[in-house]
Amino acid sequence: MSRYSAAEIEANWQKAWDDAGIFCAKAGGDKPKYYVLEMFPYPSGRIHMGHVRNYTMGDVIARHKLATGHNVLHPMGWDAFGMPAENAAMAIGGHPKEWTYGNIADMRAQMKPLGLSIDWSREFATCDPEYYGQQQALFLDMLEAGLVYRKNAVVNWDPVDMTVLANEQVENGKGWRSGAEVERRELTQWFFAISEMAEELLSALDTLDNWPAKVRLMQENWIGKSRGLQFAFGLNDAPEGFDRIEVYTTRPDTLRGASFLAISPDHPLAKRLEHEDEALAGFSAECRKGGTTEEALEKAEKRGYDTGLTVRHPFDTAWELPVYVANFVLMEYGTGAVFGCPAHDQRDFDFAVKYELPIIPTFLPSEEADEDLAEAFVPPKTQPVYYIRGFAGEAHQTAHEAIDAAIAFCEANGVGQGVTKFRLRDWGLSRQRYWGCPIPVVHCDTCGVVPERKENLPIRLPDDVSFDVPGNPLDRHPTWRNVSCPKCGAAARRETDTMDTFVDSSWYYARFTAPHAETPTDLADAEYWMNVDQYIGGIEHAILHLLYSRFFARAMQITGHLPKSAVEPFDALFTQGMVTHEIYQTKDDRGRPVYHLPEDVTGGKLADGTEVEIIPSAKMSKSKKNVVDPIGIIDAYGADTARWFVLSDSPPERDVEWTAAGAEAAHKHLARVWRIASEIAASDAPEAAEADEALLREMHKAIHDVSTGVESFGFNAAIARLYAFTAALAKSDAGSAAKREAACTLAQLMSPMTPHLAEELWHMLGGDGLVAMAPWPVADAAMLVDDTITLPVQINGKRRTEIEVPQDMPKDEVEKIALATDAVQRALEGGQPKKVIVVPGRIVNVVV
RNA sequence: GCGGGCGUGAUGGAAUGGUAGACAUACCAGACUUAAAAUCUGUUGGGGCGUGUCCCCGUGCGGGUUCGAGUCCCGCCGCCCGCACCA
């Protein structure tokens, strides 16, 4: 071979790794274990650059850990249930199962050429009956433990996908997948009791030191803990059973400014009143119709319906407040009833103005401030305000202090009690879909809901289904649902709902530790491999997947499927950025945008010479046609080039822009490294003491910086160092022995990023065995510091000159030399310096 | 509205409070070549003259702390992300 040929090299070395079986993980042994996992892909059929970046990062970690003497687990699988398979079946015919397994085969074939250090023997798809059968077993155990239950609830119904969605899957009132406006329906559904663990899921966030603060914060906000007062208003002329209206408030300090009570149209009292009040029924119906999108809510007028009823203020039974049914009160949060304090909430203020209700301030910005407010006075959180109707007498207090005082006052006077509430709702898992894990229960007319017997698992999805009509094919299957009751043997019906696909991905990491176990997990294997030491994936899973997984890890502990040590599933989390690309656009004759693929654009022009408009980089998407296919890049340059490029340039947590020029440059560099190494392999230059020493120093600095970079997700910085080391090696006058040593080290340092080229270099230079298994080089601390160093000399904090001094020269001597320099002498003008700061090895600063 | 993050050359970006712009891209110049490609070498934040191991300015804007601030603090401006009729 006379030049770098990725195609030849990569296939060979992949085979060599396979033959040696070096990525096959076995529990046990003396080495410390290391479990690195990237979020497994949905088998859409094609890998994209985002996958390449994600899996390359994981691979760098995995290979580095392998080389540093760890027993590494690095598995891969498929998040294979879900809507797209059914949509494909509806659109192009065929069966979701065939579509999915076909896609998995295609994607596996596209992924293999990347040369990832994956233990493919552990591969599974969540749609394998062996996997979802164990998930059903897990479900039954959770059912027994009271972690899953059934209830009648108002749910989010996606009219396009014709299924229920979890709260987490509704974004701005629209289905996360279909984008359709979500409707409210009342259905009997299965729920995971995640809200029972709210406090634990919240407080344990503090232990996740190696998670991005942003993700922890997002989860904290999602769990939404609040402290407030729950109390009741007494209702005058109450219908039976409604003499007390429960209210929850986080601002009990404003209770003396209350001027009305507002209840949700879905509040039991409102529903009761509807029967006798037609106008109210009409009002409520209209409220329910309104959309829940951000825009709709923004525009929607805050409206109320005066029920004519009144409540008594808890502090003064003679003080009566009107009761409204209002369109802005949610039944889902708190108690479905709120008191309005117009003085300190703009919405309540507007409401009060509209319905001519009193505006009573409880506090003011200062003692001098006017009590007549032109708008609501919302106090700053941390600054004290002047309470005129407070609970600690008239006082300057922060809202925080006042709230505590109010709760204490109310509790002491028997008006309600302080309570903690969470925003987190239970996770509805029922989906009215075919391509998901069947919920293993049976409905019996006499026994009710009966869990399946474990020996009947897996409850397999039937193959003979059709998708010619919308809805759930399981529901209309002629025989599948007809079963006998596991308890009494009478004719019964199988549950036709399947599980939310987020269930599948909530425990797969645990299954990887023993993918063929006859139970969901094997405790010994789980004990050995868990927790995942490093998890890598997109920030888009910050809430849903990661919160559900944290819940499942706990649930699996309770049901005995994970050891006590595995409370949190993921010890460290890294969220990587996206791969973006410029968008190329022209306009058609009606002025509508037409997008063009990057490969069709050269120098800003199409093949026919038409200029394209270049729109700034954005996430690669089919609709904008700014997609670069990894397969094309691997064919043209090889996997190592693609891997090198996605790691260079941008820090891994940020987006990286894919450019043709950048990919080409990456390839040029790899070719250069190959050339330099082959020259070194062929040369027999004599030793050159000084140059040899200089090169070895460079080498040890590179070892240090690359090791640090790889360990701290500073891949771009590690690569920058490798560029510099390569340049130093190319320029060096060292003898061939020293050069060979340096080149071998270069191969080792490059091996996590460009494993195939690294093996080739290693082999070419006479390295022993596989570089993948060679012990990672260790930097010699003595070689990291030069004997003489260049110290910058500042005058009044500005760099003016520099001095060469021995590395270990005492401070006072360094100071003398610095003061003797021309620049300092000039600045001193014969006088004495006011102060001299010498930071050893860093800098000298002379203050004149 | 609430919460968080970011702002550095033409571009992506580097910089434990210690030489701002590493490394790469792009551009320009040179070597090799009949020529191009490939390869190699060099220059490139702005300005000034006195062309120097020179001086001034420079990390969104304004202030502060410090011997020293891209980095820490306060206040603005801009962009991005998350949450949101949450009581």
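Below, read A as the first sequence line, B as the second, and so on, with proteins coming before strands; counting in each chain starts at 1. The shown structure was predicted, so the numbers you read here are calculated from the model rather than taken from an experiment.
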Does [X] reach the side chain of [Y], with side-chain heavy atoms less than 4.5 Å apart?
{"X": "D640(A)", "Y": "M750(A)", "result": "no"}
{"X": "K739(A)", "Y": "S683(A)", "result": "no"}
{"X": "D348(A)", "Y": "L357(A)", "result": "no"}

Take atom [atom1] in [N] and the same atom in [M], then report the distance between them in whole Å.
{"N": "G5(B)", "M": "C86(B)", "atom1": "P", "value": "23 Å"}
{"N": "U44(B)", "M": "U11(B)", "atom1": "C1'", "value": "14 Å"}
{"N": "A20(B)", "M": "C77(B)", "atom1": "P", "value": "31 Å"}
{"N": "A14(B)", "M": "U71(B)", "atom1": "P", "value": "16 Å"}
{"N": "U25(B)", "M": "U39(B)", "atom1": "P", "value": "11 Å"}
{"N": "G48(B)", "M": "G63(B)", "atom1": "C1'", "value": "29 Å"}
{"N": "U19(B)", "M": "C28(B)", "atom1": "C1'", "value": "27 Å"}
{"N": "G21(B)", "M": "G70(B)", "atom1": "C1'", "value": "11 Å"}

Output the rounded distance in Å from [atom1] ([X]) to [atom2] ([N]).
{"X": "H669(A)", "N": "C40(B)", "atom1": "NE2", "atom2": "P", "value": "11 Å"}
{"X": "I719(A)", "N": "G12(B)", "atom1": "CD1", "atom2": "C1'", "value": "13 Å"}
{"X": "I245(A)", "N": "A87(B)", "atom1": "CD1", "atom2": "C1'", "value": "16 Å"}
{"X": "Y248(A)", "N": "C86(B)", "atom1": "OH", "atom2": "C1'", "value": "9 Å"}
{"X": "E220(A)", "N": "G4(B)", "atom1": "CD", "atom2": "P", "value": "10 Å"}
{"X": "R251(A)", "N": "C86(B)", "atom1": "CZ", "atom2": "C1'", "value": "14 Å"}
{"X": "R347(A)", "N": "C85(B)", "atom1": "CZ", "atom2": "P", "value": "10 Å"}

Query raised in the report: Of the non-hydrogen atoms in A820(A) and Q825(A), which two are nearest, and what is the gap between them?
Result: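 That closest heavy-atom pairing would be O-CG, 4.0 Å.
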
Could you work out which one of [options] sits closest to the side chain of [X]?
{"X": "I543(A)", "options": "U19(B), A14(B), C83(B)", "result": "C83(B)"}
{"X": "R799(A)", "options": "C23(B), A20(B), A87(B)", "result": "A20(B)"}
{"X": "R654(A)", "options": "A87(B), A14(B), A24(B)", "result": "A14(B)"}
{"X": "P651(A)", "options": "A14(B), U41(B), G12(B)", "result": "A14(B)"}
{"X": "N716(A)", "options": "U39(B), A14(B), A87(B)", "result": "A14(B)"}
{"X": "A720(A)", "options": "C55(B), A22(B), G13(B)", "result": "A22(B)"}
{"X": "Y333(A)", "options": "A87(B), C40(B), G12(B)", "result": "A87(B)"}
{"X": "T249(A)", "options": "A84(B), A87(B), C85(B)", "result": "A87(B)"}

Quick one: label [X] by what it contacts on the DNA or RNA (base, sugar-phosphate, nothing), any heavy atom closer than 4.0 Å.
{"X": "K421(A)", "answer": "nothing"}
{"X": "V329(A)", "answer": "base"}
{"X": "A665(A)", "answer": "sugar-phosphate"}
{"X": "S648(A)", "answer": "nothing"}
{"X": "R800(A)", "answer": "sugar-phosphate"}

When you compare the protein's N or O atoms with those of nucleotides 30-33 of chain B, which come within less than 3.5 Å of each other, and at what distance?
none

Going by the rule ring-ring contact (aromatic ring centres under 6.0 Å, His included), which residues pair with [X] if we only count those two or more places apart in sequence or in a different chain?
{"X": "F574(A)", "answer": "F713(A)"}
{"X": "Y333(A)", "answer": "none"}
{"X": "F363(A)", "answer": "H344(A), F377(A), Y387(A)"}
{"X": "F391(A)", "answer": "F315(A), F409(A)"}

Report task. State whether the distance check finds a donor on one side and an acceptor on the other, under 3.5 Å, for side chain R842(A) versus base U16(B). Result -> yes

Query - K668(A): partners by side chain to side chain donor-acceptor pair (under 3.5 Å), with sequence neighbours left out - result: none

Requested in this report: Can you sort out the partners of R227(A) under side chain to side chain donor-acceptor pair (under 3.5 Å), two or more places apart, ordered by chain and number?
Outcome: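 For R227(A), no residue satisfies side chain to side chain donor-acceptor pair (under 3.5 Å) once neighbours in sequence are set aside.
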
Please output the side-chain donor-acceptor pairs of residues 650-661 of chain A that fall under 3.5 Å, not counting sequence neighbours, one pair per line with the distance.
from: S650(A); atom 1: OG; to: D655(A); atom 2: O; distance (Å): 3.2
from: D655(A); atom 1: OD1; to: M578(A); atom 2: N; distance (Å): 2.8
from: E657(A); atom 1: OE2; to: S617(A); atom 2: OG; distance (Å): 3.1
from: T659(A); atom 1: OG1; to: G662(A); atom 2: N; distance (Å): 3.0

Expected list for residues 834-848 of chain A: side-chain donor-acceptor pairs under 3.5 angstrom, two or more places apart:
from: N845(A); atom 1: OD1; to: G797(A); atom 2: N; distance (Å): 3.0

All N/O donor-acceptor pairs, side-chain side in residues 705-712 of chain A, below 3.5 Å, sequence neighbours left out:
from: D705(A); atom 1: OD2; to: R721(A); atom 2: NE; distance (Å): 2.7
from: S707(A); atom 1: OG; to: I703(A); atom 2: O; distance (Å): 2.6
from: S707(A); atom 1: OG; to: W776(A); atom 2: NE1; distance (Å): 2.9
from: T708(A); atom 1: OG1; to: H704(A); atom 2: O; distance (Å): 2.6
from: S712(A); atom 1: OG; to: T708(A); atom 2: O; distance (Å): 2.8

Report task. List the steps and the verdict of side chain to side chain donor-acceptor pair (under 3.5 Å) for S226(A) and Y248(A). Result -> CA-CA 11 Å; S226(A) 70; Y248(A) 172 73; 2.7 Å; yes

Query raised in the report: Distance check: side-chain N/O of R672(A) vs OP1/OP2 of C40(B), anything under 4.0 Å?
Result: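 Yes.
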
Requested in this report: Kindly say if R303(A) contacts the phosphate of C85(B), meaning a side-chain N or O under 4.0 Å from OP1 or OP2.
Outcome: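 Indeed not, no polar side-chain atom of R303(A) lies that close.
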
Query raised in the report: Could you write nucleotides 62-75 of chain B as a row of B, S and -, 5' to 3', where a protein heavy atom under 4.0 Å of any base atom gives B, of only sugar-phosphate atoms gives S, and otherwise -?
Result: -----BS-------

**Report entry** Syn or anti for G9(B) (syn when the glycosidic angle lies within 90° of 0)
**Finding:** syn

Query raised in the report: Want to settle it: does E657(A) or L217(A) sit nearer the 5' end of RNA chain B, counting the closest nucleotide to each?
Result: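 So the residue in question is L217(A).
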
Query raised in the report: How do I843(A) and D655(A) order along RNA chain B: which one's closest nucleotide is nearer the 5' end?
Result: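 Counting from the 5' end, the first nearest nucleotide belongs to D655(A).
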
Query raised in the report: Taking atom types as modelled, is there a side-chain donor on Q230(A) or E246(A) under 3.5 Å from an acceptor on the other?
Result: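 Yes.
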
Report summary line: Applying the Watson-Crick and G-U criteria (both distances under 3.5 angstrom) with [ ] for crossing and | for other-strand pairs, one obtains for RNA chain B (((((((..(((.....[....)))(.((((.......)))).)(((((..).))))..(((((..]....))))))))))))....

